[in-house]
Amino acid sequence: MGLENPFLPYLATIKSTVELTPDVKLLRVELEDAAIRGSFDYKPGQFAFLSAFGEGEAPFGIVSLPRHQDDLEFAVRQIGTVTRALHELEPGDTLGVRGPFGNYFPLEDYAGKNMVIIGGGIGMAPLRPVINKILEQRDNYGNLLVINGARTPQDLVFRPEFQTWMEAPRTQLELTVDRGDEHWGGRVALVPDVLRELAPSPDNAIAIICGPPIMIHFTLAVLKGLGFKDDQIVTTLEAKMKCGLGKCARCNVGDKYVCQDGPVFTLEQISQFLEQP
Amino acid sequence: MNLELTQQIRDQARGLLKSGTVKGVIGYERASDGLTARPFFAYELTGTDQLIFDETCSHNLVKYLLDKKGEKMAVVVKPCDSLAINLLLNEEQIKREMVFIIGVSCTGVVETAWNQKSQTLQARCQTCRLPKPVVYDFLAEQEPIRRLEGELYPDILEMEAKPIASRREFWHEQFGRCIRCYACRQICPGCYCPECFAEQLSPLWVGIRIALGENELWQTNRTLHLAGRCTGCNECERACPMDIPLSLLNRKLEKEMEELFSFRAGLTSEEQPPFATFRKEEKLGFEE
Amino acid sequence: MNLLASKDNLIRWLDLLLHEHVVIAPVRVQGLTLFQPISKAEEVDLDFDNTTLPPKGWFLPPTETLFSVQRNDGQTKLVPAMVERDALIFGVRPCDARGIALMDKPLLQEPSDALYRERHARTVLVGLSCRQARPECFCTSMGSAPNDASYVDILLTEIEVGYIVQVTSKKGKMLLPESFTEYEGVLPTPPEPRAVPIKDVMPAMKGLFDDTYWERLADRCLHCSICAYVCPTCYCFDVRDYSDRGNIERVRSWESCQSSGFTRIAGGYNPRATKGSRLKQRFYHKLLYFPEQFQDIACVGCGRCIKACPVNIDIREIIDDLQQLEAKSGA
């Protein structure tokens, strides 16, 4: 059945792994079939399912940029049985990849706009390709403000890239943690408070936000307070998924399926049917 | 409808709501078939007119107290249901001061399904030995009727007499039909684990396959978790859409618990169920 | 032109079909009527009301293997499950046949669900008109009818002298035996199930997402999965891997939106953590989201959920309540 069967993953090999934080690993993955590798096209915001055969499958944002390299990159936080098994994989091990799925951040539509990107914890994963894409085409966008929060300094996922981000033109990177340590000289504050303090203007701006539900909840309130309208606020939803095909029905929010119609939504599209955290 | 009991329940419910003693009253109302009863939550005085009691009031409403821990509720309980109150008190799932118990002296309930009502009492009612609830704050009373004093476990004895192979065949046929809808668990006042073993992933006790092996694992474990805790309301069997005779399992264990420990669940709220206690002198049988 | 089959000829035909097909038909099991593969036509119960479970399980089985993983000398190979034989489902009620047509919408939508698609292509549906409307029935309000031939390959309608045979597809035509004779008589008047007005339910629901109605209804609901599993249109499933002594399989099973783990993600967050939100999802999906996506309400009016619910959550009452609530708040 091959491609005919959308439940069959592509086989892939772990090329390398990087420990990003104590519980997040970057997996670099190469699709085994060269033809599929060549045609596997995706955009920032899209996701794929990774299979640890015998343990199961779970969806992850693709954190690499397409065509940048042949390898796909995923930032996997160990939090359940599938992610535990994925963390145990070593270079050379086989895994499954199904995707790419979902929509993406319509970055072309944001040309010329000021970008406010707000990520908490592993919520930075789907935002990383957005930031890197903007930096790649820096002239196409206005100012870029990135607010990245985490529980502790160690939990800031993309530390190795902070230097590059900070040094980019018209780019401001604001890091904040819930709890500092002896080496931490930065902010110790919650993301919504940092946002309120920095108070980016909503004029000609787009805010992209991803993080734990409670962070999203309070950050949305601040964004609205700053004057951001629902169609200026874009989020990527995390949802339990089993198929990625709009069939298993568990990622259903309103008449939307996170796996097909999302994961990227403007607040305008989903606010009516979101359950309060 | 039993007018006598219904009136007493309504009066009591009105008083409790009017005085603000309780936030709501969990009782019965007429179902959409116009024939049988269904659970009903009265929060306003006007709602109390919907309360009824009759021989179709089979549901064990004690289950609902588990969802209402934060607010004081009144609940209508038949004598058999009241055993579950003691179970939940004993297991510290509910607080006595948060529940107002409207007991009814029941004359038995009949077999019902939606739009169907039989003329005969449920099997458990035919051998019921509880004339009134074991715990209550108010008792809606009526003339008790004469009860049949039959053998408690005729079907269990019959099953025990069968050879193992035919018992296995019987249960495989029954469990083979199970669709894992978990109605048996969801309706059971003794099933309240925040995460049921059947849904735990780590460790994984039982998988998702709706097929004999895992169905059997589910049903036998469910039964064992209720050993010495099942109060015999038999709601699981009534709820089962696949007609699996769950009471045969539950009552087999009830019988074992009586024979081994002289224990029957729910008679008091003080006595710990045998499997919740351990005494040094207990013989385990695997010392050597 | 319709045909006529005497009861004997019908039985003989079924026996004949057994050579080439897996024949799945209503069979009495204790107090239930279940669709089961038969080995002789005489096992079939021809006088059932409706089956305990809908026939959906033969398209989307309660449990099935999606693929297995083979490992040899460090090489991994995925072996997809295949559909082995042609099947014929006999005795499908028109409402249930519509249920399959409704499940087709999400499951056959591209990229289509391979195993479902395969089973669908290799299955013939032989319907059986309803002689009477049961108290829980409301099919005519949900786009079907007791004698609706639209979603089956062959529809049988019982009359005194046998069964009128209506053939609606090529697939059906190819299976007909010569023993069936031409029938020129009229079709009997179908029974009339209860009507459930539904026209205002979609607009009503849009304004009632945060209404306390749902919490109150959830008070009574047990949040078991009976309603979903007896429903001819519910298609939600779960997928897990099984690993047993080196044999690895990816398996899917029915699951329902009422289960607390349905939307709980690793780490514990659950967007539908409350019982009210899960119960609400059931009715919003059936009565609003599905119609918005596929233009049809995800209910066929078979009434199984009404009959099987241990606490009498009655979808007809809910449809009625929602429209009244909205009418009241709009007034």
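Because the structure is a prediction, the values reported are computed rather than measured. Throughout, protein chains are lettered first and strands after them, A, B, ... in sequence-line order, and every chain is numbered starting at 1.
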**Complete:** Bottom line for B:Ala31: the part with an atom under 4.5 Å from chain C's heavy atoms is both
**Prompt:** With chain C, which of B:Ala239, B:Pro39, B:Ala113 has the greatest number of heavy-atom pairs at distances under 4.5 Å?
**Reply:** B:Pro39
**Asked** If you check every heavy atom in residues 50-59 of chain B against those of chain C, which residues fall under 4.5 Å?
**Response** B:His59
**Complete:** Contact list (residues 211-221 of chain C to chain B, heavy-atom gap under 4.5 Å, by number) returns C:Arg216, C:Asp219, C:Arg220
**Prompt:** Between B:Lys117 (side chain) and B:Val110 (backbone), is there a donor-acceptor pair under 3.5 Å?
**Reply:** no
**Message:** Less than 4.5 Å to any heavy atom of chain C: does that hold for the side chain of B:Leu201, its backbone, both, or neither?
**Reply:** side chain
**Message:** So if I apply the side-chain contact (heavy atoms from CB on, under 4.5 Å) rule between B:Arg209 and each of C:Glu249, C:Arg252, C:Glu64, C:Arg240, which one comes out positive?
**Reply:** C:Glu249
**Request:** Heavy-atom distances under 4.5 Å only: say whether B:Asp243 touches chain C with side chain, backbone, both or neither.
**Result:** both
**Asked** Would you call C:Tyr229 and B:Met242 a side-chain contact if the rule is heavy atoms closer than 4.5 Å?
**Response** no
**Prompt:** Once you round to the nearest 0.5 Å, how far does CZ of B:Arg14 lie from CG of B:Leu45?
**Reply:** 8.0 Å
**B:Asp155 and B:Lys252 ion-paired at < 4.0 Å** = no
**Asked** Does the pair C:Arg131/C:Asp47 count as a salt bridge with the N-to-O cut at 4.0 Å?
**Response** yes
**Request:** Check each atom of B:Arg238 against the heavy atoms of chain C and say whether the ones under 4.5 Å are side chain, backbone, both or neither.
**Result:** side chain
**Message:** Using a 3.5 Å distance criterion without hydrogens, assess whether the side chain of C:Thr274 forms a donor-acceptor pair with backbone atoms of C:Ser277.
**Reply:** yes
**Item:** Partner chain C: residue of B:Pro241, B:Gly207, B:Ala211 with the largest heavy-atom pair count (under 4.5 Å)
**Value:** B:Pro241
**Request:** Identify which part of B:Glu214 has an atom lying under 4.5 Å from any heavy atom of chain C, answering side chain, backbone, both or neither.
**Result:** side chain
**Request:** Please answer whether the main-chain N or O of C:Asn270 pairs with a side-chain N or O of C:Arg264 as donor and acceptor at a distance below 3.5 Å.
**Result:** no
**Item:** Check: B:Thr36 main-chain N/O paired with B:Arg30 side-chain donor or acceptor under 3.5 Å
**Value:** yes
**Asked** If you check every heavy atom in residues 177-199 of chain B against those of chain C, which residues fall under 4.5 Å?
**Response** B:Arg177, B:Ile179, B:Arg180, B:Cys181, B:Tyr182, B:Ala183, B:Gln186, B:Ile187, B:Glu195, B:Glu199
**Request:** Under 4.5 Å heavy-atom distance to chain B, tell me which part of C:Thr52 shows up: side chain, backbone, both or neither.
**Result:** side chain
**Item:** Side chain B:Gln122, main chain B:Val109, donor-acceptor under 3.5 Å
**Value:** no
**Request:** Answer with side chain, backbone, both or neither: which region of B:Leu204 has an atom nearer than 4.5 Å to a non-hydrogen atom of chain C?
**Result:** side chain
**Item:** Sub-6.0 Å ring centroid separation between C:Tyr116 and C:Tyr235
**Value:** no
**Prompt:** Is the shortest side-chain N to carboxylate O distance from B:Asp81 to B:Lys78 below 4.0 Å?
**Reply:** yes
**Message:** Just to be sure I understand the criterion: a residue of residues 218-226 of chain B counts if one of its heavy atoms is under 4.5 Å from a heavy atom of chain C. Which ones qualify?
**Reply:** none
**Prompt:** Ignoring hydrogens and geometry, is there a side-chain-to-backbone donor-acceptor pair from C:Thr233 to C:Ala298 under 3.5 Å?
**Reply:** yes
